[in-house]
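Below is one structure, written out as structure tokens; comments come after it.
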Amino acid sequence: MTDEKRIERLSAMLKRRGIVLPAFEIYGGVSGLIDYGPVGASIRRRVIQNWIEHWTINGDIVEIDSPTITPENVLVASGHVGEFNDLMTQCENCSSAFRADQLVEGFHPNPDTLDSEEIDGILSSEKISCPNCEKSQWTLSKPMNLMFGTKIGAMKSSRQAYMRPETAQGMFMLYPSLYRHFRQKLPFGAIQTGKGYRNEISPRQGMIRLREFNMAELEYFIDPENPPLVDLSMNTEKISLIPDPNGNKHKEIKMTFQDAIDNNVIKDSTVGLFLSKTWDFLVRVGINPSKIRFRQHESNEMAHYAEDCWDCEILGEHGWIECVGIANRTCHDLLSHEKHSNSSSLRAWREFEEVKVENREILSPKTSVLGPMFRARAGLVLAALENLSQLPDNLPFKLELSDGTNVEITEEMVEKKMVHNSIAGEWFTPHVIEPAFGIDRIIWHILDHAYEETEKEGENYNLLKLKESVAPADVIVLPLFEKDGMGMAARKLNSEINQINGIKCLIDSSKSIGRRYARADEIGVPWAITVDHQSLEDNTVTIRRRDDQKQIRAEIDELLILINSNMISTLF
RNA sequence: GCGCCUGUAGUGAAGGGGUUAUCACCUGAGGUUUCCAACCUCAUGUCCCGGGUUCAAAUCCCGGCGGGCGCACCA
């Protein structure tokens, strides 16, 4: 499956053509950081643009944008600081790495409160052995924090912060604003695209594990008791699913999304909805559908916040790679942020189908009497009256106050009343379904699946069969020759096409026409327009299709209309 | 972080203690050319970084950085 030579040739091409390159290369490069070059940046932008349009088209999801620098308390509440500060130690014999606090469990009541010196002490004094090789030689334990730390502000007043390890927290921070924006009605969602940061121990495999990466995340807030209706019967494609890895040992099955929901393979229908929409997106940007599968997380690899989680994996030269994670985070995040921030605005209101009416008899205080009578203690009396669980049979009676003293309540002080309390609904913490996309990984697989090595007249010939929606340019204009006014006509046409909104046109006039076709093919430009001698006479040009090199002739005016409406393919 | 392998123009490679480091493709200029990496002339551009050994280091040694693979890690 892994063809290292093909990876090398593809990587060399990506570098040579300015698509994806190592970052900071003149200073030796930095592992886990990459650049998108002049061609790659266009591809990246279009993939992200497609992603945003894919989710916002129905109007129930909006785009937001929040800071990458995140104060520490936000990430304490989300669990990232705790999860990321574990002490790690390594066996000097077999190099296995372990969480130090887990090794000393049983030798200390609260191992996660220990600092590294204490934990090293226990490791050696108790001669704790390596679970792998049973030797007892440990390296000094070190905190492993996978977040990039930074400070907000300078000197004494500075505040600990981290570069965000995910964009999701930004959506949770904006929940109150989103709730108002959507007129206080669930379900709704928010998306955000942007950079995320994880200080990986060993970034590997080119674009697959990066330290700074492009993420695209959606948080979809739902009422767990009234989840959105899901009907996926339109999609009849059979999808590869690997459910319940703890049960039947990773058995891959193929069924439609609707069947998977109906048969409880996918337990949460909202999760199923997003699996399906994820599949649609990936196919739309050029991922080969036969190289997509969904795998349910095993319980032990589930993130600390997730209840049910499916990975979308894509097959490429690096094997099956997790490119999208779809998790039911339940109410974990919003609830935790409410607790840590003391805010009460991370909720939603659920109206009951019928208003619950509660009739209750109370002793309504006459404050004009109670006030002068009890003075400073009047407040306590009022509270005690309100909290009475059972009304006294007769008046006067003795009322116990919260300070332990008793007062006598007489008929003049209160009035027996019936109150009618109607309860229309209740506050609850919404659940959230989160599809999280690794954009760089997806771009890698788009390139991988689009990269085709062929032969042309005995020569190696490579091209990127990118979908039009993610190609770095829509068309390229090529004058057959620079002379006789063809170059001039080509430049005029190029600028005319570039004036069309959303259309990007390139122009190339150096070297032979064959070489220029080859260059355009290699960066995946789907259409090449050639200006030749005939063009100067009758205002026609030839249009060449990248994928089969077929050419047809058309009038420039007609062509401009077709480009504008994204319909060039109808010419063929 | 550990182990093994590795680093030479934009890309891919050859070579290697001693004159000016080699080749192909690519890129640029000019010429030629009536549609698929053609041809001719010319040109730009390279030994990852630092230290050591040596009369002399791109070459040998050490360290760093980068890359590949395996182990571990990947909330």
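In what follows, chains are A, B, ... by sequence order, proteins preceding strands, each numbered from 1.
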Please report the distance, rounded to the nearest Å, between CG in A/Leu21 and P in B/G66. 17 Å

When the P atoms of B/G67 and B/U11 are considered, how many whole Å apart are they? 15 Å

Stepwise side chain to side chain contact (heavy atoms under 4.5 Å, CB included) test for A/Tyr162 and A/Tyr197: CA-CA 9 Å; A/Tyr162 300 95; A/Tyr197 304 83; over 6 Å; no

Gap in Å between the two C1' atoms, one belonging to B/A14 and one to B/U22, rounded: 7 Å

Nucleotide B/U11, atom C1' - distance to CD of A/Glu453 in whole Å: 14 Å

If we take the C1' atom in both B/G18 and B/A58, what is their distance in whole Å? 13 Å

Contacts to RNA chain B from residues 202-222 of chain A, heavy-atom cutoff under 4.0 Å, which residues? A/Ser202, A/Arg204, A/Gln205, A/Gly206, A/Arg209

Starting at atom CG of A/Leu33, determine the distance to atom P of B/C65, rounded to an integer number of angstrom. 14 Å

Of all the nucleotides listed (B/A75, B/G28, B/C69), which has the minimum atom distance to the side chain of A/His80? B/A75

If the condition is salt bridge (charged side-chain N to carboxylate O under 4.0 Å, His left out), which residues does A/Arg204 pass it with, not counting sequence neighbours? none

Sugar-phosphate or base contact per nucleotide [nucleotides 33-47 of chain B; S, B, -; heavy atom under 4.0 Å]: BBBBBB---------

Report the distance from atom CG of A/Asp484 to atom P of B/U32, rounded to the nearest whole Å. 11 Å

Could you name each residue pair satisfying salt bridge (Lys or Arg N to Asp or Glu O under 4.0 Å) that touches residues 513-529 of chain A, not counting sequence neighbours? A/Arg16-A/Glu522, A/Arg17-A/Glu522, A/Asp508-A/Arg519, A/Asp521-A/Arg544

Could you check whether the rings of A/Phe172 and A/Phe221 sit parallel, tilted or perpendicular, using 30° and 60° as the cut-offs? perpendicular

Charged N to carboxylate O under 4.0 angstrom, A/Glu200 versus A/Arg211? no

What distance, rounded to whole Å, do you find between the two P atoms, one in B/C42 and one in B/C47? 25 Å

Across all chains, not counting sequence neighbours, the salt bridge (charged side-chain N to carboxylate O under 4.0 Å, His left out) partners of A/Asp448 are A/Arg6

Using atom P in both nucleotides, what's the gap between B/A9 and B/A21 to the nearest angstrom? 15 Å

Could you check A/Asp532 against A/Arg553 for salt bridge (charged side-chain N to carboxylate O under 4.0 Å, His left out), going step by step and ending with a plain yes or no? CA-CA 11 Å; A/Asp532 57 17; A/Arg553 181 165 283 277; 2.5 Å; yes

When Watson-Crick pairs (N1 to N3 and N6-O4 or O6-N4) and G-U wobble pairs (N1-O2 and O6-N3) count only below 3.5 Å on both distances, what is the dot-bracket string of RNA chain B, with | for other-strand pairs? (((((((..((((....[...)))).(((((.......)))))....(((((..]....))))))))))))....

Using atom P of each nucleotide, how far apart are B/C69 and B/A13 to the nearest Å? 16 Å

Comparing A/Met13 and A/Arg441 on RNA chain B - which has the more 5′ nearest nucleotide: A/Met13

Rounded to whole angstroms, how far apart are NE2 on A/His297 and P on B/C74? 12 Å

How many whole angstroms separate atom CD1 of A/Ile19 from atom P of B/U11? 14 Å

Collect all protein-nucleotide pairs involving nucleotides 5-7 of chain B in which both atoms are nitrogen or oxygen and the distance is under 3.5 Å.
none

My understanding is that only residues two or more places apart in sequence, or in another chain, count here; which of them pass salt bridge (charged side-chain N to carboxylate O under 4.0 Å, His left out) with A/Glu555? none

Among A/Ile497, A/Val525, A/Ile507, exactly one meets side-chain contact (heavy atoms from CB on, under 4.5 Å) together with A/Ile476. Which residue is that? A/Val525

C1' atom, B/G66 versus B/U41: distance in rounded Å? 39 Å

Quiz item: cation-pi between A/Arg545 and A/Trp527, 6.0 Å / 45°: no

Which residue, A/His297, A/Arg293, A/Gln296, forms the side chain to side chain donor-acceptor pair (under 3.5 Å) with A/Asp311? A/His297

For nucleotides B/U53 and B/C61, find the distance between their C1' atoms and express it as a whole number of Å. 7 Å

Not counting sequence neighbours, which residues clear ring-ring contact (aromatic ring centres under 6.0 Å, His included) with A/Tyr517? List them please. none

Could you say whether A/Lys5 or A/Gly32 is positioned toward the 5' end of RNA chain B, judged by the nucleotide with the nearest heavy atom to each? A/Lys5

Pairwise side chain to side chain donor-acceptor pair (under 3.5 Å) hits with a residue in residues 480-490 of chain A, at least two apart: A/Glu482-A/Arg491, A/Glu482-A/Ser509

Atom pair distance, as rounded to whole Å: CD in A/Glu166 and C1' in B/A75: 9 Å

Sequence neighbours excluded, the answer for side chain to side chain donor-acceptor pair (under 3.5 Å) partners of A/Glu453 is A/Arg9, A/Tyr451

Tell me, which pairs form a side chain to side chain donor-acceptor pair (under 3.5 Å) where one or both residues lie in residues 19-35 of chain A, sequence neighbours left out? A/Lys15-A/Glu25

